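Predicted, not measured: the structure shown is a model, and the values here were computed from it. Because only heavy atoms are used, hydrogens play no part in the values below, and waters and symmetry mates are left out as well, while side chains stay in.
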Amino acid sequence: MSGADPEPRGSFLDALKRRTVSSDLQPPVPPGLRQATAYAWRLLVIAAALAVVVFLVIQLKLLVIPLLVAILVTALVWPGFSFLLRHRWPKWLAIIVTVLGTIAIISGLVWLAVWQITREFGSVRERTTQAVEQFRLYLIDGPLHLSAQQIDDGLRQAGSFLQQQAEVLWTGALAIGTTLGHVATGVLLTLFILLCLLADGGGIWRWTTRLFPRAARPAVDGAGRAGWGTVKSYARTQLLVATIDAVGIGLGAFLLGVPLSIPIGVLVFLGAFIPFVGAVATGALAVFIALVYNGPLIALFMLIVVLGVQQVESHILQPILMGSAVKVHPLAVVLVVAGGAMIGGIAGALFAVPLAAFVNVVAVYLASKAWQHEGEALASRDLIWQTVPRERARRP
């Protein structure tokens, strides 16, 4: 016995635990790489979930598209419907007036377009034939100095190409019957969903919130209401902008003597709901019709009208009308519309902006826990584009 107390067993184990064992064969992972990996696998899980959602939406497009159309139409007619309710109209009467009024407006626009097309089709066809013949003479007598044989060979090759594609075209024609059946079914389903949303939209939303855990219901309810407010603001202002664009371009075509001015206005109105893409496509169509029917000079004036209306929309209508509701950033809109078109075609381009605006507001609402302090506005600087009405400064 040396008289020294033996070292307690516990302190020996603690020393072993504190000992750091390192190996040159397995160096420690850098903290930055660990953090990047943690983000990476979470992003992969989110991407996989989104891929599953997109796949299900594509598979159920015959149900999803009517549902989205009904929601968008509900947002469009909501100001008129709520106006009738505020003036103490019976709810059933307000629904009938709103739905029948919407159907009457759409039917009237379609009837006007078809009426003018059937009325001026013969004249447009004759002038188109003359324009093609003039273009043929220009190719022969112009700076290209093409011969009639070369032009005929080019036309023959084009006809041969169309003949080769005849089987594909015929297959598509045979599929029109099924497509028309799908369209008719979608229209009826859209009308039914619209009636349900107008009649009991609040009850449907309350039932939806009850699908979530009780603790999450306040957040889901607040986020959904914030997103719905954004969609209503977008639909209301976009409807007004589309109307002004259609009247401006259609009236310009009428004053310049361009045929089919009413169908052009209707197409501009419908195309305006697809930002940028729709305006460019419908404007180009108006200029093309003016070029074929009226000649280069009128086509130039038509181009000036189209560009002028689009400039008015970009610099006046957007800041004034949409500045207090949905101020869409051009870069975000272009990317969202392009992505929606690649995924879902025309339907994807149509619903891309309202869906992105809805998701944007919902995400910020949940991240900021706004349901815990209702009344505080969302921080607009955190949004890709401003989707919350801005408070206007009160004049003294």
(message) For a 4.5 angstrom cut-off between non-hydrogen side-chain atoms, does Leu67 reach Leu63?
(response) no
(request) Verify, without hydrogens or angle tests, whether Ser261 (side chain) and Gly257 (backbone) share a donor-acceptor contact under 3.5 angstrom. (result) no
(message) Would Phe81 and Leu197 count as a side chain to side chain contact (heavy atoms under 4.5 Å, CB included) here? Give the steps.
(response) CA-CA 12 Å; Phe81 178 68; Leu197 292 177; over 6 Å; no
(request) Evaluate whether atom CZ of Arg86 has more than 12 neighbouring non-hydrogen atoms of other residues, nucleotides or ligands under 6.0 angstrom away. (result) yes
(message) To the closest 0.5 Å, what do you measure between CG (Leu240) and CG (Asp245)?
(response) 9.5 Å
(message) Quick check: do Leu198 and Val99 have side-chain heavy atoms less than 4.5 Å from each other?
(response) yes
(request) Could you tell me whether the side chain of Thr209 and the main chain of Arg206 form a donor-acceptor pair under 3.5 Å? (result) yes
(request) Please name all residues satisfying side-chain hydrogen bond (donor to acceptor under 3.5 Å, both in side chains) with Arg225, sequence neighbours left out, ordered by chain then number. (result) Asp221
(message) Tell me if the CZ atom of Arg34 is crowded by more than 12 foreign heavy atoms within 6.0 Å.
(response) yes
(message) Using a 3.5 Å distance criterion without hydrogens, assess whether the side chain of Lys91 forms a donor-acceptor pair with backbone atoms of Ala199.
(response) yes
(message) Please verify the inter-ring angle class for Trp111 with Trp115; under 30° counts as parallel, over 60° as perpendicular, anything in between as tilted.
(response) parallel
(message) Could you measure the distance from the CG atom of Leu85 to the CD1 atom of Ile95? Nearest 0.5 Å is fine.
(response) 8.0 Å
(request) Rounded to the nearest 0.5 Å, what's the gap from CD1 on Ile289 to CD1 on Ile264? Could you check? (result) 4.0 Å
(request) Measure across Arg214 and Pro218 and return the closest heavy-atom pair with its distance rounded to 0.1 Å. (result) O-CD, 3.6 Å
(request) Hey, could you give me the CG/CG distance between Leu256 and Leu300, rounded to the nearest 0.5 Å? (result) 10.0 Å
(message) What I'd like to find out is whether the side chain of Phe301 reaches to under 4.5 Å of the side chain of Val305, using heavy atoms alone.
(response) no
(request) Determine which pairs satisfy ring-ring contact (aromatic ring centres under 6.0 Å, His included) with at least one residue from residues 190-210, sequence neighbours left out, and list them in order. (result) none
(request) Can you measure from CD1 (Ile65) to CD1 (Ile58) and round to the nearest 0.5 angstrom? (result) 10.0 Å
(message) Nearest 0.5 Å, please: how far is CG in Leu60 from CZ in Phe55?
(response) 9.0 Å
(request) If a pair satisfies side-chain hydrogen bond (donor to acceptor under 3.5 Å, both in side chains) and one of its residues is in residues 283-296, list it, with sequence neighbours excluded. (result) Ser123-Tyr293
(message) Looking at every non-hydrogen atom in both residues, tell me the closest pair between Ala75 and Val231 and how far apart they are.
(response) CB-CG1, 3.9 Å
